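These figures come from a predicted structure and were not determined experimentally. Letters A, B, ... mirror the listed sequences (proteins, then strands); counts begin at 1.
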Protein chains: 2
Amino acid sequence: MSSSRQRILDAYEDVLAADGERHATVEAVAAKAGVSKGGVLYHFPSKDRLAEALYDRMLALAAQDVDQMRTAPDGPARYYIRTSHYAGTPLDRALVAVARLRQGGDSRAREVLEDVSGTWLRVLHESLGDLDVARAVKLIGDGLYYTALHSTLDGRTEGEDDEAGLLAVIDRIISVDSH
Amino acid sequence: MSSSRQRILDAYEDVLAADGERHATVEAVAAKAGVSKGGVLYHFPSKDRLAEALYDRMLALAAQDVDQMRTAPDGPARYYIRTSHYAGTPLDRALVAVARLRQGGDSRAREVLEDVSGTWLRVLHESLGDLDVARAVKLIGDGLYYTALHSTLDGRTEGEDDEAGLLAVIDRIISVDSH
DNA sequence: GTCTATATTGTGATAGAC
DNA sequence: GTCTATCACAATATAGAC
């Protein structure tokens, strides 16, 4: 029904990812979305409401991801590492945008990110049994995501196949308790 | 000779860490340092020069850390994990401040951070032999640092002793090739 | 060396035309 | 629903007093 709303939200994500929170002004978002400042502020009465809409979108996408993680054929741990690569999915895009807001000092962004982060760790813990192993796996995934992310945002196309070797390391870690 | 310069730089780090790049205005830095806007802009002709000075400080401190890492009694890998805890050292403070600038979209901040990050990985690789193992160790350290960092910045005091269990996991990872 | 103006630009937000 | 003004305010930076 309101396709403009989605387009504006997409543009907000784009600008946040590409230029950071500082440059994600209403005017920049409007330009990216192909509307005017007034157009943006019609759909989102204030900049805060724009951010709120982004949080909602991100939480919904994260909930879907947790479902897929729980039912992954090769288990949550390998799923988590496999998907720690910024593939440009809707979740990736929303996640990056919210992370930028967090770094801008937004406390709501922090809460939302910690919420999903805690959920992911909980799923890993339930699946692996050992909390330390779960934390190690999660940290590797997070770090992997973080570096892959910046490579992508900075326009580099390297790091295509770094995953294979790390998955082998992961297998050694998670199989420790089953010897 | 110029103690004010250092005080202003310290204040810049503080404001960046506490409130993010968005709120690290010249006025905020001046207030934190106990001088006026004009006072700041006397020592650093522009905001860019202030950032440049921060990069220089950070690179010098990182170089010292790499030396300590190379000569650590328990080896670079365990040293890296042990020191991934935001202890409020001068390097920690500079690192956090530059990371905030990076998230603000500053490309020079990105270059500087990738420079030191690459050096750390190189040292781990030289020490451990296997690049995948080195990457896993580095990712765990980075992720650990990242989460510990936000706990600290948000005023929480949790996570005191999460290190022990993870070090055990690390030992298992790095001993894989010596069986 | 540090301050108090002040100039200039940016940004978020509002009001009203279309 | 979207645009074109326009306002109020905050930010960087400059000029000149002390």
Side-chain angles (χ1 to χ4, degrees), chain A residues 1-57 97-98 100-110, chain B residues 1-57 97-109:
Chain A
M1 48 191 83
S2 64
S3 148
S4 290
R5 246 187 89 96
Q6 301 303 320
R7 264 214 346 270
I8 292 169
L9 217 43
D10 290 343
Y12 188 37
E13 286 180 350
D14 281 346
V15 177
L16 276 172
D19 304 323
E21 192 256 348
R22 182 71 174 272
H23 300 100
T25 66
V26 173
E27 190 166 24
V29 173
K32 193 86 174 182
V35 296
S36 72
K37 271 208 279 191
V40 170
L41 290 168
Y42 167 78
H43 291 285
F44 304 93
S46 73
K47 215 191 178 188
D48 280 358
R49 299 292 292 271
L50 184 60
E52 274 297 327
L54 180 61
Y55 300 147
D56 290 343
R57 169 187 275 192
V98 175
R100 291 274 155 121
L101 288 177
R102 176 197 195 146
Q103 294 290 350
D106 188 309
S107 65
R108 181 89 185 95
R110 170 175 63 78
Chain B
M1 49 190 83
S2 64
S3 149
S4 290
R5 244 187 91 96
Q6 301 303 320
R7 264 211 351 265
I8 291 169
L9 217 43
D10 290 343
Y12 188 38
E13 286 180 350
D14 281 347
V15 177
L16 276 173
D19 304 323
E21 191 258 347
R22 184 69 174 273
H23 300 100
T25 67
V26 173
E27 189 166 26
V29 172
K32 193 84 175 183
V35 298
S36 72
K37 273 204 278 190
V40 169
L41 290 168
Y42 167 77
H43 289 286
F44 304 93
S46 74
K47 215 190 178 191
D48 281 357
R49 299 292 292 269
L50 183 60
E52 272 298 327
L54 180 61
Y55 300 146
D56 290 343
R57 170 187 276 192
V98 175
R100 290 272 156 124
L101 289 178
R102 176 199 196 144
Q103 294 290 353
D106 188 309
S107 65
R108 181 90 183 95

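Atom OH of A:Tyr42 is separated from atom C1' of C:dG16 by 15 Å (rounded to the nearest Å). One atom, CZ of B:Arg5, and another, P of C:dG1, lie 12 Å apart when rounded to the nearest Å. A:Lys37 places its NZ atom 17 Å from the P atom of D:dT2, with the value rounded to the nearest Å. Across the protein-nucleic acid pair, B:Arg22 atom CZ and D:dT12 atom C1' stand 14 Å apart, rounded to whole Å. Here the P atom of nucleotide D:dA11 and the CG atom of B:Leu50 are 16 Å apart, to the nearest Å. In this structure, B:Glu21 atom CD and D:dA11 atom P are separated by 12 Å, rounded to whole Å. In this structure, B:Leu41 atom CG and D:dG16 atom P are separated by 17 Å, rounded to whole Å. The CD atom of B:Glu27 sits 14 Å away from the P atom of C:dA5 (whole-angstrom rounding).
Regarding contacts with the backbone of C:dG1, every side-chain N or O of B:Ser4 stays at 4.0 angstrom or more from both OP1 and OP2.
Residues B:Arg102 and A:Gln103 form no side-chain contact, since every pair of their non-hydrogen atoms from C-beta on lies 4.5 Å or further apart. Counting only heavy atoms from C-beta outward, the side chains of A:Leu101 and A:Leu54 approach each other to under 4.5 Å.
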For B:Val29 and B:Leu16, run side-chain contact (heavy atoms from CB on, under 4.5 Å): C-alpha distance rounded to whole Å, both residues' side-chain angles, the deciding distance at 0.1 Å, then the answer.
CA-CA 9 Å; B:Val29 172; B:Leu16 276 173; over 6 Å; no
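A residue-by-residue look at A:His23 and A:Pro45 shows that A:His23 has its nearest nucleotide of DNA chain C further toward the 5' end. Judged by closest nucleotide on DNA chain D, A:Gly39 is the one of A:Gly39 and B:Lys47 placed further toward the 5' end.
An anti orientation is assigned to C:dG12, its glycosidic angle lying beyond 90° of 0.
In the set C:dT2, D:dT12, C:dC3, the nucleotide with an atom closest to the side chain of B:Ser36 is C:dC3.
Between B:Arg57 and B:Asp10 a salt bridge is recorded (basic side-chain N to carboxylate O distance below 4.0 Å).
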